[in-house]
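Computed from a predicted model, the values in this text were never measured in an experiment. A, B, ... follow the sequence lines: proteins, then strands. Residue 1 opens every chain.
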There are 2 protein chains.
Amino acid sequence: MRATIREVAREAGVSASTVSRALSTPEMVNDATRERVLRAADRLGYAPNRAARGLITGRTGNLGLIVPDLTNPFFPSVVKGVQAKAREADYAVFLADTDEDPAAEIGLVRVLAKQVDGLILCSPRAPEEEIRELTEHTTLVMVNRRFGNLPSVVFDNAEGVRQAIAHLQALGHQRVAWVGGPRTSWSTRDRMRAMRAATSAAGMDLYVAGHFPPYFEGGVAAADLVIASGVTSVIAYNDVMALGLLSRLRDRGVDVPHDISVIGIDNIQMSAMSSPALTTVSLVKEQAGRAAVDLLLALLLQPDSVRNTRRELPAQLLVRGSTGVARTT
Amino acid sequence: MRATIREVAREAGVSASTVSRALSTPEMVNDATRERVLRAADRLGYAPNRAARGLITGRTGNLGLIVPDLTNPFFPSVVKGVQAKAREADYAVFLADTDEDPAAEIGLVRVLAKQVDGLILCSPRAPEEEIRELTEHTTLVMVNRRFGNLPSVVFDNAEGVRQAIAHLQALGHQRVAWVGGPRTSWSTRDRMRAMRAATSAAGMDLYVAGHFPPYFEGGVAAADLVIASGVTSVIAYNDVMALGLLSRLRDRGVDVPHDISVIGIDNIQMSAMSSPALTTVSLVKEQAGRAAVDLLLALLLQPDSVRNTRRELPAQLLVRGSTGVARTT
DNA sequence: GGGGTCGATGCAATCCTTTGCAGGAGTTGT
DNA sequence: ACAACTCCTGCAAAGGATTGCATCGACCCC
């Protein structure tokens, strides 16, 4: 049904090799010939068979993207960025969702690895050991996790948290709580470190509420601990959890921001829509996706060029209604 | 690097054909031989090269999924369902996002069609004409759109809207507004029809606010029209828009549900988290994704078996805080 | 004018798997 | 004991594109 390279060759009066070259290495073929080939290809609606090409080149023209949970609005944005950039480079993207399960993550990488040229792991939860092993057979780029000298795209959590803490301090807060995400998440650890550093530099008290699932319910669950701790402000691992906090605080009759100021991280769409609107550390999510694809493609072209490259993307505090002057009790 | 079928053959002391058969048509090969082959394959970590297989069978083992906007929480849920079901059947899923652009949609189908065995179009916006043309070269399943006798998965919008209207009527509402989604969306038209039918059957007045972008901002934009229309209740095309309505109504000092009751459709996670929580028509989104894959795989196996199959999934009203007794002015 | 160079093109092998066909071994029936 | 089967396995072709190598003509320069 679909035209093959041979038919184009016949139509253009050349050999298949010439057609192939006219399309993939145009400078190797005479101008007039190339023109003729291109017209013939166009006339027949020819597009190379990717399976056949992949068979001989060993490349598939596909990328894989693995995320822990698509229903967390952070990830669809990254996916969009990956998609857009990949499409520009004529790559297609396999998407897989692990449901926050580190074991599923490893399994998916193994399965997907055979069908792609490279993989982007977004917020991977798998243990270091497993990931190290994967890197031996697979071209990987990590988003939201640093790991050895693997190429990675991360956000400047330290700066984001610093801005958030500075903001709280300016509002007179002295005690701040930290509501962490999954224990296995690198971002959780990184942000927690940043919290420790920033609060200690600012001379503020830090209350660590612990680790919670990165869902609305996780924030809900953390809220009571936060209230009991007596802090006047709280920073959550991500916006979804911060919204959970907001919800439970309201239910408990705690006024935000009057009694407690709340700050999230990610700047998901919904954070602008809550009431009060959520003050948050804004991350350029789509850009992270695009940067990851950039890195991956560079890595595929010349494996050594970007080894050990770490892109760090900016984080910027966005002040909205959920933070205010500290209560004075 | 990766083992080929020949190596397995040598290892097992048989020919490549036998290995192939042992793996894909086990009943054609002697028990003992098969056992030997399987062990050899296992020892070498053999997995068939999909490109080579695809080259000869003409099948890729891939599915494509096209959605209009991943950042609308409705779609990630569908994607999850598609993923899960596809993975069970050992298919991988290409995902593409059209940014609500019907032209991009057609383009993506064309591109993706070559790399997959079949495509799932989720809430497709493209004009009928174009879609009809696509069906000639491509195996398609539609979600959220009926089209000729193409296999499709849709929700029982009529029932969902009927329940919503009955609920409003029971609360004493006489006038209800409808805030529509994109003009090109089949769901918008279907739900609008359902609104006409249900309100007329119930003897209620219907105010059609028009078509709006299916985003939070669309709901915001519609809110003032709704207020001005004097209705006591409003149903929005989806939850995201309903949340936009909620937000703008609050800004305008209109109390929900006291002054106006608001109902959404989809039951996205966020709808439970707004304040007041959103009354909504709940849709089984993941199930829609799974059903679409079911249909598509059946279609690939025996093209005639499910031609003209339409799966209709239930819609169920979920009452929360955003609806209440009609004001009496 | 002949040897050398260069640019453009074709030939043929190759990637890995699947599958139609044929053949060999063993079994059954007569 | 032979024909007719059955069951299992191997041979070889096929699928479509890429690419190293060879070829061929043209052109240049001495």
**Study point:** Sugar-phosphate only, base, or nothing, as touched by A/Ser24 at under 4.0 Å among non-hydrogen atoms
**Key:** nothing
Practice item. Salt-bridge test for B/Asp97 and A/Lys80: reply yes if a basic N is under 4.0 Å from a carboxylate O, no otherwise. Key: yes
Review point. Rounding to a whole Å, what distance do you find between B/Arg34:CZ and D/dT9:C1'?
Key: 14 Å
Check your understanding: Any salt bridge between B/Arg6 and B/Glu11, counting N to O under 4.0 Å?
Key -> no
Check your understanding: On a plain distance test, is the side chain of A/Arg50 in donor-acceptor contact with the base of D/dG16 below 3.5 Å?
Key -> no
Practice item. Mind calculating the distance between CZ (B/Arg21) and C1' (D/dG10) to the nearest angstrom? Key: 8 Å
Review point. Would you say a side-chain N or O of B/Thr18 is under 4.0 Å from OP1 or OP2 of D/dG10?
Key: yes
**Study point:** B/Leu55 CG to D/dA13 P, straight-line distance once rounded to whole Å
**Key:** 17 Å
Revision key, fill the gap. A/Arg6 CZ to C/dC11 P, in whole Å, measures 11 Å
Review point. Are any of B/Ser20's side-chain N or O atoms less than 4.0 Å away from OP1 or OP2 of C/dT19?
Key: no
Practice item. Mind listing the closest non-hydrogen atom pair of A/Thr71 and B/Ser77 along with its distance? Key: CG2-OG, 4.2 Å
Review point. How many Å lie between CE on A/Met28 and P on D/dT23, as a whole number?
Key: 17 Å
Study note, to complete from the structure: To the nearest 0.5 Å, atom OG of A/Ser187 lies from atom CZ of A/Phe155 at 9.0 Å
Check your understanding: Reckon B/Thr4 touches a base, only the sugar-phosphate, or nothing at all at heavy-atom distances under 4.0 Å?
Key -> sugar-phosphate
**Study point:** Side-chain-base donor-acceptor pair under 3.5 Å for A/Ser15 and C/dC11
**Key:** no
